[in-house]
Participant: 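Have a look at this one.
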Amino acid sequence: MTNLTLKVSKREVRGTGKLNALRAQGYMPGVVYGPAVKENINIQVKTSDVRALLNSVDSDSFLVNLDLDGTTILAMVKDVQRNFLTDCTNHMDFEAVTPDTVVKTKVEVKLTGTPVGVGMGGVVHQIVHEMPVKCAVKDIPCCISGDITSVKLGESFRLAQVELPANVATPFNGTVVLASVVKP
């Protein structure tokens, strides 16, 4: 399911002033909650580890194994709070899950192939880059991909032309346009 691991530890400090002091020491506060844990767990993690983790993924919503003092917790990143001026990460929320937990998340849309319309002088205009999906954690696809080879100039590539993986649903209907081949 995931090969990403983040080493975290329990955090006792609370309150804005103490959390700002924690951040000044190179740690970021966070919280783990959800159906797979009995009660919320306040955590802290090295800011450099979070930065490296976020740089290795394409989205703010992904699965990670939290190494909490030797215990591994499968969790989904639910919220990443950033400072609006510096774009530095200030806090993260993790939802502890099991492989069978049904979640809503976003998955990258990847287009494969070179459309026929590109040979006619067109360019591909991808409209949807991420798609919301609902599925069990064990069924989350790495991406939704579609072959756009047959798309001609002036035509659109719709969701109905993509085969979603088994046990994966999306609130989008089949008429949603994922990409078009248009004149430059």
Side-chain angles (χ1 to χ4, degrees), residues 1-8 30-37 41 45 49-68 71-82 89 92-119 122-182:
M1 281 184 290
T2 182
N3 58 354
L4 301 172
T5 301
L6 188 62
K7 188 168 180 58
V8 300
V31 64
V32 180
Y33 58 86
V37 292
I41 305 169
V45 59
D49 292 347
V50 171
R51 190 176 306 117
L53 179 71
L54 291 175
N55 287 337
S56 70
V57 296
D58 297 329
S59 171
D60 279 353
S61 181
F62 56 92
L63 286 174
V64 64
N65 288 312
L66 298 177
D67 180 0
L68 178 63
T71 303
T72 300
I73 300 172
L74 179 63
M76 174 163 264
V77 175
K78 292 303 277 187
D79 187 35
V80 178
Q81 298 172 18
R82 292 184 170 88
T89 305
M92 287 179 76
D93 290 1
F94 299 92
E95 180 182 3
V97 295
T98 64
D100 294 320
T101 303
V102 175
V103 294
K104 293 179 183 177
T105 187
K106 292 180 182 177
V107 176
E108 181 183 9
V109 175
K110 287 190 177 182
L111 304 176
T112 60
T114 302
V116 174
V118 170
V123 294
V124 177
H125 176 64
Q126 186 171 351
I127 298 163
V128 177
H129 294 273
E130 280 188 332
M131 183 183 312
V133 296
K134 182 179 179 181
C135 60
V137 169
K138 65 184 176 193
D139 296 326
I140 297 174
C142 63
C143 67
I144 302 291
S145 62
D147 183 8
I148 60 171
T149 306
S150 63
V151 180
K152 297 176 184 164
L153 184 63
E155 291 183 346
S156 297
F157 182 72
R158 298 180 184 276
L159 180 58
Q161 296 169 271
V162 175
E163 186 176 336
L164 291 176
N167 303 318
V168 175
T170 181
F172 288 175
N173 65 31
T175 61
V176 170
V177 175
L178 302 179
S180 298
V181 178
V182 295

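Computed from a prediction, not measured in an experiment: that's the story for all the values here. This chain uses plain numbering: 1 for the first residue, then up along the sequence.
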Participant: Please report the interatomic distance CG(Leu54) to CG(Leu6), rounded to the nearest 0.5 Å.
Facilitator: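 Rounded to the nearest 0.5 Å, the CG-CG separation comes to 9.0 Å.
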Participant: If I compare all heavy atoms of Thr89 with all of Val80, which pair ends up nearest, and what's the gap?
Facilitator: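 Distance-wise, the nearest heavy atoms are CG2-CG1, 3.7 Å.
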Participant: Val77 vs Met92, test: side-chain contact (heavy atoms from CB on, under 4.5 Å). Steps then yes/no.
Facilitator: CA-CA 7 Å; Val77 175; Met92 287 179 76; 3.7 Å; yes
Participant: Run the side-chain hydrogen bond (donor to acceptor under 3.5 Å, both in side chains) test against Thr114 and tell me which residues pass, sequence neighbours left out.
Facilitator: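 For Thr114 there are no side-chain hydrogen bond (donor to acceptor under 3.5 Å, both in side chains) partners, ignoring immediate neighbours.
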Participant: Walk me through whether Val103 and Ile140 qualify under side-chain contact (heavy atoms from CB on, under 4.5 Å).
Facilitator: CA-CA 9 Å; Val103 294; Ile140 297 174; 3.9 Å; yes
Participant: Can you find a pair of side-chain heavy atoms, one from Lys134 and one from Pro171, that are under 4.5 Å apart?
Facilitator: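 No, every pair of side-chain atoms sits at 4.5 Å or beyond.
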Participant: What residues, two or more places apart in sequence or in another chain, satisfy side-chain hydrogen bond (donor to acceptor under 3.5 Å, both in side chains) together with Thr101?
Facilitator: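 With neighbours one apart ignored, the set is Thr98.
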Participant: Let me confirm one number: the SG-CD distance from Cys143 to Glu108, rounded to the nearest 0.5 Å.
Facilitator: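 Cys143 SG to Glu108 CD: 6.5 Å, rounded to 0.5 Å.
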Participant: Which atoms form the tightest heavy-atom contact between Thr149 and Gly113, and what is the distance?
Facilitator: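 The answer is OG1-CA, 3.7 Å.
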Participant: Who pairs with Thr71 by side chain to side chain contact (heavy atoms under 4.5 Å, CB included), at least two apart in sequence or on another chain?
Facilitator: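 Thr71 satisfies side chain to side chain contact (heavy atoms under 4.5 Å, CB included) with no other residue.
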Participant: To the nearest 0.5 Å, how far apart are NE2 in His129 and NZ in Lys106?
Facilitator: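 Going from the NE2 atom of His129 to the NZ atom of Lys106 covers 13.0 Å.
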Participant: Would the distance check show the side chain of Thr112 and the main-chain N or O of Gly146 forming a donor-acceptor pair, the cut-off being under 3.5 Å?
Facilitator: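 Present.
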Participant: Which pair of non-hydrogen atoms, one from Leu63 and one from Leu4, has the smallest distance, and what is that distance?
Facilitator: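 What the structure gives for the nearest pair is O-CD1, 3.7 Å.
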Participant: List for me each residue that meets side chain to side chain contact (heavy atoms under 4.5 Å, CB included) alongside Asp67, sequence neighbours excluded, and say none if there are none.
Facilitator: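 In terms of side chain to side chain contact (heavy atoms under 4.5 Å, CB included), with neighbours along the sequence ignored, Asp67 is linked to Thr5, Lys7.
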Participant: For residues 150-169, run the donor-acceptor check on the side chains, cut-off 3.5 Å, and write out each pair with its distance to 0.1 Å, sequence neighbours left out.
Facilitator:
{"from": "Glu155", "atom 1": "OE1", "to": "Lys152", "atom 2": "N", "distance (Å)": "3.0"}
{"from": "Ser156", "atom 1": "OG", "to": "Ser180", "atom 2": "OG", "distance (Å)": "3.2"}
{"from": "Arg158", "atom 1": "NH1", "to": "Thr175", "atom 2": "O", "distance (Å)": "2.7"}
{"from": "Gln161", "atom 1": "OE1", "to": "Arg158", "atom 2": "N", "distance (Å)": "2.7"}

Participant: About how many Å separate CG of Asp79 and CZ of Phe94, when rounded to the nearest 0.5 Å?
Facilitator: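 Nearest 0.5 Å value for the CZ-CG distance: 10.5 Å.
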Participant: Run the numbers on Cys135 and Val102 for side-chain contact (heavy atoms from CB on, under 4.5 Å), then give the verdict.
Facilitator: CA-CA 5 Å; Cys135 60; Val102 175; 6.0 Å; no
Participant: Kindly indicate whether the side chain of Val176, heavy atoms from C-beta on, has any atom under 4.5 Å from the side chain of Met131.
Facilitator: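 No - every pair of side-chain heavy atoms lies 4.5 Å or more apart.
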Participant: Atom CZ in Phe62, atom CE in Met76: separation rounded to 0.5 Å?
Facilitator: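 Going from the CZ atom of Phe62 to the CE atom of Met76 covers 9.5 Å.
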Participant: Which heavy atom of Ile73 sits nearest to which heavy atom of Ala96, and what is that distance?
Facilitator: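 Nearest heavy atoms, Ile73 then Ala96: CG2-CB, 3.8 Å.
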Participant: List the residues meeting side chain to side chain contact (heavy atoms under 4.5 Å, CB included) with Asn55, not counting sequence neighbours, and say none if there are none.
Facilitator: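 Here the qualifying residues are Arg51.
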Participant: Between CG of Asn65 and CG of Leu74, what distance do you get to the nearest 0.5 Å?
Facilitator: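 One gets 5.5 Å once the value is rounded to the nearest 0.5 Å.
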Participant: After noting the C-alpha distance and the side-chain angles of Val31 and Ile41, does the key distance pass the side-chain contact (heavy atoms from CB on, under 4.5 Å) rule?
Facilitator: CA-CA 6 Å; Val31 64; Ile41 305 169; over 6 Å; no
Participant: I need the minimum non-hydrogen distance between Ala75 and Leu66, along with the two atoms involved.
Facilitator: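 Shortest heavy-atom separation between Ala75 and Leu66 comes out as CB-CD1, 3.8 Å.
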Participant: Looking only at heavy atoms, what is the nearest atom pair of Lys104 and Lys78, with distance?
Facilitator: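 Taking Lys104 first and Lys78 second, the nearest heavy atoms are O-NZ, 3.9 Å.
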Participant: With a 4.5 Å limit on heavy-atom distance, are the side chains of Val123 and Val181 in contact?
Facilitator: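 No - every pair of side-chain heavy atoms lies 4.5 Å or more apart.
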Participant: Has the side chain of Gln126 got a donor or acceptor atom that lies under 3.5 Å from a matching backbone atom of Val109?
Facilitator: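 Flag set: sc Gln126 to bb Val109 pair under 3.5 Å.
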